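This one's a predicted model, so the numbers in the text were calculated from it and none came from an experiment. Letters A, B, ... are given to chains in the order of the sequence lines, protein chains preceding strands, and every chain is numbered from 1.
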Amino acid sequence: MSAKRNDRGVTPLSEDVSAWYNELVLKAELADRGPAKGSMVMRPYGYTIWELLQRQLDDRFKATGHVNAYFPLLIPEEYIMREADHVEGFAPELYTVTRVGKKELEEPLIIRPTSETVIGESYSRWISSYRDLPLLINQWANVFRYELRPRLFLRTTEFLWQEGHTAHVDEDDAMAEVLTIHDVYAEFAENVAAIPMLKGEKTPGERFAGAVRTFTIEGMMRDGKALQSGTSHYMGTNFATAFDIQYQDENNEQQYAHTTSWGMSTRMIGAVILAHGDDAGLVLPPRLAPIQMVIIPIGRGEDAEAPLAKAHELAADLVAAGVRAHVDDRDQSPGFKFNDWELKGVPLRAELGPRDLEEGHTLVAHRIGELDEKGRPLKEKLPLDEVVARVPGMLDAYHELLVKRALEFRLERTALVDDWERFVEQVAIGFAEVLHCGRTACEDDIKAETAATPRAILMESDDESGPCVRCGQDSAYGKRVAYGRAY
RNA sequence: CGGGAUGUAGCGCAGCUUGGUUAGCGCACCUGCUUUGGGAGCAGGGGGUCGCCGGUUCGAAUCCGGCCAUCCCGACCA
């Protein structure tokens, strides 16, 4: 290929987003390709991001009344066949186990692409009365879906996620659950991942296989494309019917439960990379950064001893204050370390040399923020005795700056559009909010001509109706629909 | 499954057109010395069945055929 770099840095984002992303994931040591097509090794730096994400998302599930459990990876093939739309949607992606040792299995087992079916089977046995509802269970698991065009984090054949599965007495209760989680996802994305999301409902053509309604959060990436980052589904009684999840109500009558499911996956790490990164590499939001502040001792020979000792002392104090601090004491030049940690997206960097020690401060540089005339981060003098007190606040401010930057970027590239020519221009750079007739055939025409798909019906926007931007027929939904190109 | 490209050391590449000693370069790695405030220098060193199989030839990384893999662009998707 033409624009490949040597070992220094990555292809600039502005030059080739795809090459930039691929090189960055590898060079920042987030992940590696696995031996089987589409598989991924998550390296410690990348997995730590996942652990931080997992913990903070899990806290939110617990706070909204959910508990964790674990269901099996292998599912009798017959289960997946029970819900017609569900099978149809997943059939092309299913891995099937047909043999153990040299023996053919009497009934093939599928490797879960999602767990509605096994969980549904359990729920049918666990639920018998309205007193058993709602049942609010989540699981953290791996799932497998064959992919034609894999990309690290964004589309791998095996990925990690959480899948919540709940059962309720009626539609109102189930819908309240779906919307609660939809809000949790959006709040989490903004407050933890620093990505302000577009919220809304999927159009029928984009719904989850087997769902009655699907809600999504969509982030805008640095190239203006959308990334679906967390979905919540109302299943109606589709799975309850297929798996006989019935309860007896107050009037002694049998009723089908209304179920929901919702998931967020390791794709969210892809969203973080693509929403915040720049030419120099990753830009990690502080709440997901494995290292929030890296301390780089500077000095040679005997002059190196005092800065190194002070760096460790500072790091220990920061860790005690709840900051993920790290001393880079590798035998490398300072310049190398600066570039290396910028590639890895560490929010704050503290330099500590003999001169700084004498003057009683450290030089702090932000990964994003103001630059000097050489295009490098401005370094701020921070008195050593104020570091521990001030760093947490600096990290919070940094988070807010990231959110603001991401939101401004999205808004700049989002427009209300009512004519076709403007639509074509707008979806080439970002999102177009339009009135649409709601016909899948019309969506398909739009996709064929512009590569844009309906990302979400903007349920929280004002009521509006009029002619479809594409075909002129009466609009559906009573709301605008955001269109964009998607990952 | 279509269209395009690429397979030579961990990574990035040259060599192939026009076959010919021991296959080369940069980075990374190892050893030593000197260095350390924006990707350090010098010296020495280790690492390759040239994607796989077959063919042509006295001789193949190089020519021919087949296969495989990967990447990019389209159809499926969290």
Please list, one pair per line, the donor and acceptor atoms closer than 3.5 Å that link side chains of residues 331-340 of chain A to other protein atoms, with sequence neighbours excluded.
residue: A:S333; atom: OG; partner: A:F336; partner atom: N; Å: 3.3
residue: A:K337; atom: NZ; partner: A:D328; partner atom: O; Å: 3.0
residue: A:K337; atom: NZ; partner: A:R330; partner atom: O; Å: 2.8
residue: A:N339; atom: ND2; partner: A:G335; partner atom: O; Å: 2.9
residue: A:D340; atom: OD2; partner: A:R330; partner atom: NH1; Å: 3.3
residue: A:D340; atom: OD2; partner: A:R330; partner atom: NH2; Å: 2.9

Enumerate all atom pairs, one protein N or O and one N or O from nucleotides 32-36 of chain B, separated by less than 3.5 Å.
residue: B:U36; atom: OP1; partner: A:R300; partner atom: NH1; Å: 2.2
residue: B:U36; atom: OP2; partner: A:R300; partner atom: NE; Å: 2.9
residue: B:U36; atom: OP2; partner: A:R300; partner atom: NH1; Å: 2.4

Restricting to nitrogen or oxygen on both sides, can you table the protein-nucleotides 73-78 of chain B pairs closer than 3.5 Å?
residue: B:C73; atom: OP2; partner: A:R149; partner atom: NH2; Å: 2.1
residue: B:G74; atom: OP2; partner: A:R149; partner atom: NH1; Å: 3.3
residue: B:C76; atom: OP2; partner: A:K447; partner atom: NZ; Å: 3.0
residue: B:A78; atom: O3'; partner: A:Q228; partner atom: NE2; Å: 2.8
residue: B:A78; atom: O2'; partner: A:Q228; partner atom: O; Å: 3.4
residue: B:A78; atom: O2'; partner: A:R267; partner atom: NE; Å: 3.2
residue: B:A78; atom: O2'; partner: A:R267; partner atom: NH1; Å: 2.7
residue: B:A78; atom: N6; partner: A:T156; partner atom: N; Å: 3.2
residue: B:A78; atom: N6; partner: A:T156; partner atom: O; Å: 2.7
residue: B:A78; atom: N3; partner: A:S265; partner atom: OG; Å: 2.9

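Listed by first then second residue, pairs satisfying salt bridge (charged side-chain N to carboxylate O under 4.0 Å, His left out) with a partner in residues 283-302 of chain A read A:R287-A:D396, not counting sequence neighbours.
Partners of A:T203 under the side-chain hydrogen bond (donor to acceptor under 3.5 Å, both in side chains) rule, at least two apart in sequence or in another chain, are A:E443. In terms of the ring pair (Phe, Tyr, Trp, His ring centres under 6.0 Å) criterion, residue partners of A:F61 (sequence neighbours excluded) are, by chain and number, A:W262. The side-chain contact (heavy atoms from CB on, under 4.5 Å) search around A:A406 returns A:P196, A:H276, not counting sequence neighbours. Qualifying side-chain hydrogen bond (donor to acceptor under 3.5 Å, both in side chains) partners for A:Y79, counting only residues two or more places apart in sequence or in other chains: none. Under the ring pair (Phe, Tyr, Trp, His ring centres under 6.0 Å) criterion, A:H326 pairs with A:W341, sequence neighbours left out. Remark: A:H436 pairs with A:Y483 by the side-chain hydrogen bond (donor to acceptor under 3.5 Å, both in side chains) rule, at least two apart or across chains. Looking at residues two or more places apart in sequence or on another chain, you find no side-chain hydrogen bond (donor to acceptor under 3.5 Å, both in side chains) involving A:T117.
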Inset, instruction - Can you run through RNA chain B from 5' to 3' and write each base as (, ), [, ], | or . depending on how it pairs? Watson-Crick or G-U wobble, both distances under 3.5 Å. - result: ((((((((.[[[[.)....(...]]]].((((((.....)))))).....[[[[[..)....]]]]])))))))....
